Amino acid sequence: MNLTRRLLTLLPLAGPLPALALEAATPTLLPLWPEGVPPARRADAPAARGDLGPERVDASGSIGNVSVPTLTVVPPAVDRPNGTAVILCPGGGYSHLSAHREGTQYAALLSTLGVTTFILKSRLQEWGHPAPLQDLLRAVRLVRSRAAEFGVDPRRIGVMGSSAGGHLAASASTLFDHADGRTGAALDSTSARPDFAVLVYPVITMTGPAAHAGSRRALLGTSHSPALLAQMSIEQQVTAATPPTLLLHTQGDKAVPVQNSLLYFDALTRAGVPAELYVFEQGGHGIAMRDGLGNASAWPRRMEEWLRQRGLLTQEAAR
């Protein structure tokens, strides 16, 4: 199903799109690494041992076995572009990407708010750390370096991720200048720091009972140093330079416990980073934009309010 048809199916969830919005919805696909995808650094990763075979896409739109990372550009509604950009990181435990539910669906909503979105198709467990981080930081650098071309403000480029995609977005928010995210390319000189972050039921920690074992195993393998485990426990990496962040989680999340968001919110607060946290009673993990989950189903409205309060849905400079 192409993107325009998917947007049409999402109208009941995203609300009515402004007239002509769908005419502008023809996606542009951008390669992240036209000079060649960086090699796998994790020695035990399948990608380090040779050809992985073709990419996989199932009937739900879930993508796996990614070897060619890309960005899919979804333009804003034509009558309300505001210059804000969001790079979307779908979840999937670093084993696959829930690209339809946590990518295309979110892009349809953000388009109605005037936001230009970039859906990230990143490398996954076949490559391991730091490949996903490299891909997202390259995406931020690419969008910022071509901001005028995309009609966005280089000071208003955010990241949004769900579940393991939330871990990736939080990683970019804290490790944006880390050596693991650099490849020696000229574009490394462009800032990769996101200007804001929205984290939806995110994986945050890699240690303790709140850790999501599947994401940890897919990203780091079964043999990893304590130092790497600490580095990728993102609550330990927050500084005053971490961007303003909105966190959304459910109390009933049994797969990725709400303690992940609580840990990150506490770290943000201690570092003096502007942050808001919503914890909803109903709903489990991976709720995306489903109806019928009480206040949890209204989380997109809370996100809109937060973006608007920060000046990110107007032509005014972000605060």
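The structure displayed is predicted, hence computed values, not measured ones.
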Listing, residues 267-280 side-chain donor-acceptor contacts under 3.5 Å, not counting sequence neighbours, or none:
| from | atom 1 | to | atom 2 | distance (Å) |
| --- | --- | --- | --- | --- |
| T269 | OG1 | F265 | O | 2.9 |
| R270 | NE | D266 | OD2 | 3.0 |
| R270 | NH2 | D266 | OD2 | 3.4 |
| E276 | OE1 | Y278 | OH | 3.4 |

Considering only heavy atoms from C-beta outward, does the side chain of [X] approach that of [Y] to under 4.5 Å?
| X | Y | value |
| --- | --- | --- |
| T84 | L313 | no |
| V200 | M160 | yes |
| E55 | K121 | yes |
| V115 | N82 | yes |
| Q125 | R217 | no |
| Y201 | E102 | yes |
| Y94 | V203 | no |

If you measure from [atom1] on [X] to [atom2] on [Y], what distance do you get to the nearest 0.5 Å?
| X | Y | atom1 | atom2 | value |
| --- | --- | --- | --- | --- |
| L120 | L32 | CG | CG | 6.0 Å |
| W299 | L246 | CH2 | CG | 9.0 Å |
| R42 | L220 | CZ | CG | 7.0 Å |
| L110 | E304 | CG | CD | 10.0 Å |
| W127 | R41 | CH2 | CZ | 12.0 Å |

* To do: Determine, stepwise, if the pair E281 / N295 fulfils side-chain contact (heavy atoms from CB on, under 4.5 Å).
  => CA-CA 8 Å; E281 176 187 357; N295 292 332; over 6 Å; no
* Asked: Between R308 and E305, is the closest basic N to carboxylate O distance under 4.0 Å?
  -> no
* Below 4.0 angstrom, N of the basic side chain to O of the carboxylate: do R49 and D44 qualify? -> no
* I would like to know whether L137 and H178 meet side-chain contact (heavy atoms from CB on, under 4.5 Å); could you show each step before the answer? => CA-CA 10 Å; L137 295 185; H178 197 280; over 6 Å; no
For [X] and [Y], which heavy atoms make the closest approach, and how far apart are they?
| X | Y | answer |
| --- | --- | --- |
| P76 | P81 | CG-CB, 3.6 Å |
| S233 | T205 | OG-OG1, 3.8 Å |
| A172 | L133 | N-CD1, 4.0 Å |
| S173 | P243 | O-CD, 3.3 Å |
| P69 | S67 | CD-O, 3.5 Å |

* Distance-only, no hydrogens or angles: does the R101 side chain make a donor-acceptor pair with backbone N or O of G286 under 3.5 Å? -> yes
* **Aromatic plane relationship, H285 with H212 - under 30° parallel, 30 to 60° tilted, over 60° perpendicular** => parallel
* To do: Any chance you could lay out the side-chain contact (heavy atoms from CB on, under 4.5 Å) test for D195 and R144, step after step, and finish with the verdict?
  => CA-CA 11 Å; D195 296 301; R144 183 163 281 131; 2.9 Å; yes
* Asked: Is a side-chain donor-acceptor pair under 3.5 Å present for S162 with Y106?
  -> yes
Exactly one of [options] should register a side-chain contact (heavy atoms from CB on, under 4.5 Å) with [X]. Which one does?
| X | options | result |
| --- | --- | --- |
| S122 | D135, I63, L136 | D135 |
| T72 | T117, T28, L30, L29 | L29 |
| H167 | L219, L199, I204, N260 | L219 |

* **Residue pair Q231, L175: steps toward the side-chain contact (heavy atoms from CB on, under 4.5 Å) verdict** => CA-CA 9 Å; Q231 176 187 318; L175 302 173; 4.3 Å; yes
